[in-house]
Amino acid sequence: MRALYLILACSVAWGGPQKPGPRRSGTRQLHVPVAMRDRVHLYANLFLPTGGGRVPTILIRTPYGKGSDLNANWQAFVDRGYAVLIQDVRGRYESEGSFDPLRQEPNDGDDTINWIARQPWSNGSVGMTGGSYVGIVQWKAALLNNPHLKAIFPVVSGYDDYRDRFYSTGGAMKLGQRLEWMAENLKAPGYHPDFDRYTRHLPLRTCDVVATGWSSEMYHDVMAHPTFDSFWRGISVKEQLAKIRIPVFAVGGWYDNYVQSDLEAFATLRKTIGLNRVVVGPWPHNMSIPFDGVDFGSDSAVPVRELQLEWFDQWLMGKDTPMMSAPPVHIFVMGANRWLDDRAWPPEHARAQSFYLAADGSLDSHPPRQSAQDHYVYDPNSPAPTRGGAVCCNPKVFPWGPMDQRAVEQRADVLVYTTDPLKHDLEAVGPVKAVLYVATSAPDTDFTAKLVDVFPDGAARNLCDGLLRLRYRNSLEKPELAQEGTVYQIAVDAGVTANVFLKGHRIRLEISSSNFPRFDRNPNTGGMAADETRLLKATQTIYRDSEHPSHLELMVVQ
């Protein structure tokens, strides 16, 4: 089975199979059994440095196959004097048990760390690294405060199962990427899934069979819990982040699905332990794959492997490295194509600035005085298509990144609001939000927001986007259906970005009710989306006047 989630190849180690590096001296032990508390055995490969003695350990726990050779990225740790243990997680490849990704990783990670600490080659200090799922397992293990786990280095991983991996901050399911991951990694032998077929299949509750060829218990759990209830709260790292007391170095990408929570986790931990770091660049889920027609310059890469080595030298080797005296936030600002260092996220000197929806599709610095509305019809049978963005996980199947949005903007169900050409550069760094006053003919529907940088030649490059399912306008925990014709003030979380809108460029906000298949289609019925097979049209209204000041909110660096 081919492992997706190819993480920053060539500059960072990750958890999937790569080409082995040149064989060096040292000790290699393959297929080492590690007993869990329930007597299930997980199997691992162990690589020890030369010289003997007790050494710190780098632990990589992967669902994508540990292979039999040590790739060049992991070899760098052995050369540095670390032991490296690469383990198949429960129910994957050589490890025993059933694969249950929503529940298994905290205890299995904890048991593996304790096993390492008991070995004669271990000095008792463990660090974890790797990306995507291999980053998720680090957060899960860190919740248990194992005294032997000294630091982690998750890459493009996020930290919340509900808001990151299955649903979203607005309550819609992240349909395309979740089903695509399942189709690549959990499909039945000999089954050949079709992306368009399984993303359009109804009802959603049986999409797992169309995507993988058989039923998935994990997917059934997800469909049974569309709200952020006790099921999700009990497994959420976000809700339990105060438990984590070890240093965390996170790496994310502006066009990666998990970047928002990578930054949110940093901001929270910065207030509690103050030892964490974050790097975000103009990358998708795989830094090694260039964007088609978009180049952010040679300075857009970072030596992540070197950062990993320095991080673990600090916390596992006890070395005083220069890293800790540098600003903890290192983010790439697109448009200007330069790096920004700061001590906080959002940057301490960023301030909120609003751009109001006005007449003739304009964005203005002041709300319009005259009462006005804009209307469109949302038909889930013909949803507005996803075109790039922060999606995952195979760009050949589900394209990602910055793309020209003009074709999408021509649709009748997409409202477009644009500033005049800017007279000066405007640097937006932080969360992006659309505050809208809306009404609908449906008992439930969606509203989307997308931030776009419009170039002087008219090209419209997407930066970030988001969606709010109207029933979750007050909370993800307690859905409330809408009343036809009632005006609601809503806030659409459109993600995060760092971009300079250059002089002569224009700022654009797109409003619609679908972004498919990034998010599942709202059927507009008010029923359970997982079981619905009917798709009804909804008439949508956006209000824009002094009493209903619908606006885009950016964090602007002055």
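We're numbering straight along the sequence, starting at 1.
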**Asked** Does a side chain donor of either N515 or K450 reach within less than 3.5 Å of an acceptor in the other side chain?
**Response** no
**Asked** Do F166 and L102 come within less than 4.5 Å of each other through their side chains, counting heavy atoms only?
**Response** yes
**Request:** Would you check if there is a donor-acceptor pair between the side chains of S513 and D446 at a distance under 3.5 Å?
**Result:** no
**Asked** Sub-3.5 Å donor-acceptor pair from the side chain of S236 to the main-chain atoms of W232, do we have one?
**Response** no
**Message:** What I want to find out is whether D161 reaches K140 closely enough, with some N-O distance under 4.0 Å, to be called a salt bridge.
**Reply:** yes
**Message:** Has D379 got a side-chain atom pairing as donor or acceptor with N381's backbone, closer than 3.5 angstrom?
**Reply:** yes
**Asked** In terms of heavy-atom contacts, does NZ of K174 have more than 12 from other residues, nucleotides or ligands at under 6.0 Å?
**Response** yes
**Prompt:** Counting only heavy atoms not in D457, do more than 12 fall under 6.0 Å of its CG?
**Reply:** yes
**Asked** Going through the checks in order, is the side chain to side chain donor-acceptor pair (under 3.5 Å) test met by Y93 and T62?
**Response** CA-CA 10 Å; Y93 291 85; T62 177; over 6 Å; no
**Asked** Do any N or O atoms from the side chain of Q308 and from the backbone of T129 form a donor-acceptor pair under 3.5 angstrom?
**Response** no
**Polar side chain donor-acceptor pair, Q138 to S157, under 3.5 angstrom** = no
**Asked** Is a side-chain N or O of D520 found less than 3.5 angstrom from the main chain of M173, in a donor-acceptor match?
**Response** yes
**Under 3.5 Å donor-acceptor, R92 side chain and F99 backbone** = no
**Request:** Would you mind telling me which of L363, D453, T419, V454 makes a side-chain contact (heavy atoms from CB on, under 4.5 Å) with R508?
**Result:** V454
**Message:** Give me each pair satisfying side-chain hydrogen bond (donor to acceptor under 3.5 Å, both in side chains) with a member in residues 549-558, each pair once, sequence neighbours excluded.
**Reply:** none
**Request:** Report yes if the side chains of E105 and I136 come closer than 4.5 Å at any heavy-atom pair, otherwise no.
**Result:** no
**Exercise: identify the closest heavy-atom pair between F77 and V84** = CB-CG2, 3.7 Å
**Prompt:** Should the heavy atoms of other residues, nucleotides or ligands under 6.0 Å from NE2 of H349 be counted, would the total exceed 12?
**Reply:** yes
**Prompt:** Can you tell me if Q177 uses its side chain to pair, donor with acceptor, with the backbone of L175 under 3.5 Å?
**Reply:** no
**Asked** Do you know which two heavy atoms are closest between A384 and V414, and how far apart they sit?
**Response** CB-CG2, 4.3 Å
**Asked** How about F195 and Y198: are their ring centroids closer than 6.0 Å?
**Response** yes
**Message:** Test of understanding: with ring pair (Phe, Tyr, Trp, His ring centres under 6.0 Å), list the residues that count as partners of F249, not counting sequence neighbours.
**Reply:** F153, W311
**Asked** Looking at D160 and R163, does any basic side-chain N land under 4.0 Å from a carboxylate oxygen?
**Response** yes
**Complete:** Closest heavy-atom pair, R521 versus L535, reported as atoms and distance to 0.1 Å, is NH1-CD1, 3.6 Å
